[in-house]
Amino acid sequence: MEPRRLSSFKWHRPLMFLTVFLAGSMGCDSGGEDSAMETNMVMTGVDPFCDTRPQFYFCEDFDTRTLPGVFDEQILESADMRIDDTESSSAPRSLLVSVSDGGNAVLRHQFGVGGKLRIFGMLHIAELGEGDAEIGAFEVGDYRVGFGVSSDGSLWAYEGGQRIPGAGTIPVGRWASFRWDVNLSNDGTGTASLRFGNDFIVSTDMLTPPVSSELAPAVAIGLFNATGAWAMRFDNLTVEVGELSQ
């Protein structure tokens with residue numbers, strides 16, 4: 001069966017979207033508006049993931065800030081996104097995201113120039129949803145390369161409208177680590193790999209990104225371009241953008 005082709009999703013920003021510019025802040029700290037959510041001191045039952053791991057340049061554990069956290073913007077269409085304390089990978093809170101058919105619930109952040117792109121994080125789903133939903137992506141202008149899940153649990157990647165089949169399923173009923181590695185070269189070539197735990201789900205060296213000496217990527221994480229109802233939790237998200245060694 002040939003991989004399904006998806007139409008490329010275009011980001012629009014009507015006034016209903018919430019956009020927050022975070023000047024000079026690229027990591028988790030205790031500067032959120034809601035003082036009741038500050039957990040930068042080590043306390044019983046609290047794992048301040050970002051505060052205690054300074055090696056992460058861009059980190060959000062949803063414990064110390066109100067949304068959109070350290071991300072630039074929160075995008076909601078037929079969807080809900082909230083910080084919740086009933087389940088977490090690192091106590092006490094996680095991000096609970098839900099979408100209906102056609103929905104988008106996205107946290108997005110623009111980075112500077114770089115071709116070595118990494119998303120690390122934890123996710124949890126109690127049960128599989130309906131249809132397809134994208135989970136994470138890197139964007140350079142209209143170019144998008146990301147990964148998603150289908151109603152049978154199968155994981156896949158995509159570049160633009162081209163689906164790249166995966167060799168595994170998403171874990172259900174437990175927290176699972178994921179890693180999305182993308183290398184975009186300025187000569188128009190690229191590679192990508194998706195891992196859940198120690199399992200390689202997708203690996204490709206056939207990407208064709210834009211030819212540019214100044215690739216400025218953005219990251220998008222959540223549930224988007226959904227073709228059915230989905231719900232998922234996220235915790236301990238870190239992003240790295242760096243120079244790609246030739």
Side-chain angles (χ1 to χ4, degrees), residues 3 28 47-50 52-63 69 71 84 86-99 105-107 109 116-138 144-159 163-184 190-207 217 219-226 230-242:
C28 286
D47 176 11
F49 180 86
C50 294
T52 59
R53 294 162 177 83
Q55 71 272 26
F56 294 128
Y57 177 62
F58 184 96
C59 181
E60 182 57 81
D61 57 13
F62 307 105
D63 291 337
F71 290 83
D84 180 81
T86 59
E87 179 75 43
S88 64
S89 175
S90 67
R93 303 175 181 90
S94 65
L95 177 69
L96 177 58
V97 179
S98 59
V99 295
V106 185
L107 293 175
H109 192 87
K116 184 177 181 181
L117 316 176
R118 308 286 183 262
I119 305 174
F120 307 86
M122 302 293 295
L123 60 75
H124 181 288
I125 57 171
E127 59 183 4
L128 296 172
E130 303 169 0
D132 297 337
E134 298 173 23
I135 297 172
F138 285 107
R144 301 178 67 247
V145 56
F147 67 98
V149 64
S150 295
S151 58
D152 61 357
S154 60
L155 290 158
W156 35 266
Y158 64 88
E159 182 186 31
R163 182 78 65 92
I164 305 170
T169 58
I170 196 167
V172 177
R174 63 181 176 86
W175 284 98
S177 64
F178 69 91
R179 174 171 173 162
W180 178 232
D181 288 51
V182 176
N183 298 308
L184 302 180
T191 67
S193 67
L194 174 64
R195 280 183 273 179
F196 271 73
N198 294 322
D199 297 330
F200 276 89
I201 306 298
V202 174
S203 183
T204 180
D205 59 1
M206 301 294 290
L207 299 185
V219 66
I221 193 79
L223 291 169
F224 41 105
N225 283 340
W230 279 87
M232 190 175 297
R233 291 180 182 271
F234 295 89
D235 207 352
N236 303 344
L237 298 177
T238 66
V239 182
E240 296 182 6
V241 174

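Residue numbers count from 1 along this sequence. Keep in mind that the numbers below use all heavy atoms, side chains included, and drop hydrogens, waters and symmetry copies.
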Q | Presence of salt bridge, E134 and R144, under 4.0 angstrom | A |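 Looking at R144 and E134, the cut-off is met.
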Smallest separation among heavy atoms of [X] and [Y], with atom names:
| X | Y | value |
| --- | --- | --- |
| V202 | G166 | CG2-CA, 3.6 Å |
| P217 | V241 | CG-CG1, 3.9 Å |
| A105 | V97 | CB-CG1, 3.4 Å |
| S94 | F62 | C-CB, 4.2 Å |
| G136 | Y158 | O-OH, 4.3 Å |
| L223 | I135 | CD2-CG1, 4.3 Å |

Does a donor on one side chain sit under 3.5 Å from an acceptor on the other, for [X] and [Y]?
| X | Y | answer |
| --- | --- | --- |
| R233 | T86 | yes |
| T191 | N183 | yes |
| S150 | W156 | yes |

Is the shortest side-chain heavy-atom distance between [X] and [Y] below 4.5 Å?
| X | Y | answer |
| --- | --- | --- |
| V149 | D132 | no |
| E240 | F120 | yes |
| T238 | I119 | no |
| L184 | F138 | no |

Q: Applying side-chain hydrogen bond (donor to acceptor under 3.5 Å, both in side chains), name anything that partners D152, two or more places apart in sequence or on another chain.
A: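 In terms of side-chain hydrogen bond (donor to acceptor under 3.5 Å, both in side chains), with neighbours along the sequence ignored, D152 is linked to S154.
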Q.
Using 30° and 60° as the class boundaries, would you call the ring planes of W175 and H124 parallel, tilted or perpendicular?
A.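 W175 vs H124 ring planes: tilted.
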Q) What class does the angle between the rings of F196 and F147 fall in, given that below 30° is parallel, 30 to 60° is tilted and above 60° is perpendicular? A)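 Because their plane-to-plane angle is over 60°, the rings of F196 and F147 count as perpendicular.
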Hey, what do you get for [atom1] ([X]) to [atom2] ([Y]), rounding to the nearest 0.5 Å?
| X | Y | atom1 | atom2 | value |
| --- | --- | --- | --- | --- |
| L155 | I201 | CG | CD1 | 5.5 Å |
| I221 | H109 | CD1 | NE2 | 14.0 Å |
| S89 | L237 | OG | CG | 10.0 Å |

Q.
Run the side-chain contact (heavy atoms from CB on, under 4.5 Å) test on V99 and F224 for me, step by step, so that the C-alpha distance in whole Å, both residues' side-chain angles and the decisive distance to 0.1 Å come before the verdict.
A. CA-CA 8 Å; V99 295; F224 41 105; over 6 Å; no
(Q) One pair to check against ring-ring contact (aromatic ring centres under 6.0 Å, His included): F71 and F58. What are the steps and the verdict? (A) CA-CA 9 Å; F71 290 83; F58 184 96; 5.2 Å; yes
Q) Just by modelled atom types, is the D181 backbone N or O under 3.5 Å from a matching donor or acceptor in the R118 side chain? A)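 Not a single qualifying donor-acceptor pair exists.
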Q | Trace of the side chain to side chain donor-acceptor pair (under 3.5 Å) decision for S88 with D235 | A | CA-CA 7 Å; S88 64; D235 207 352; 4.6 Å; no
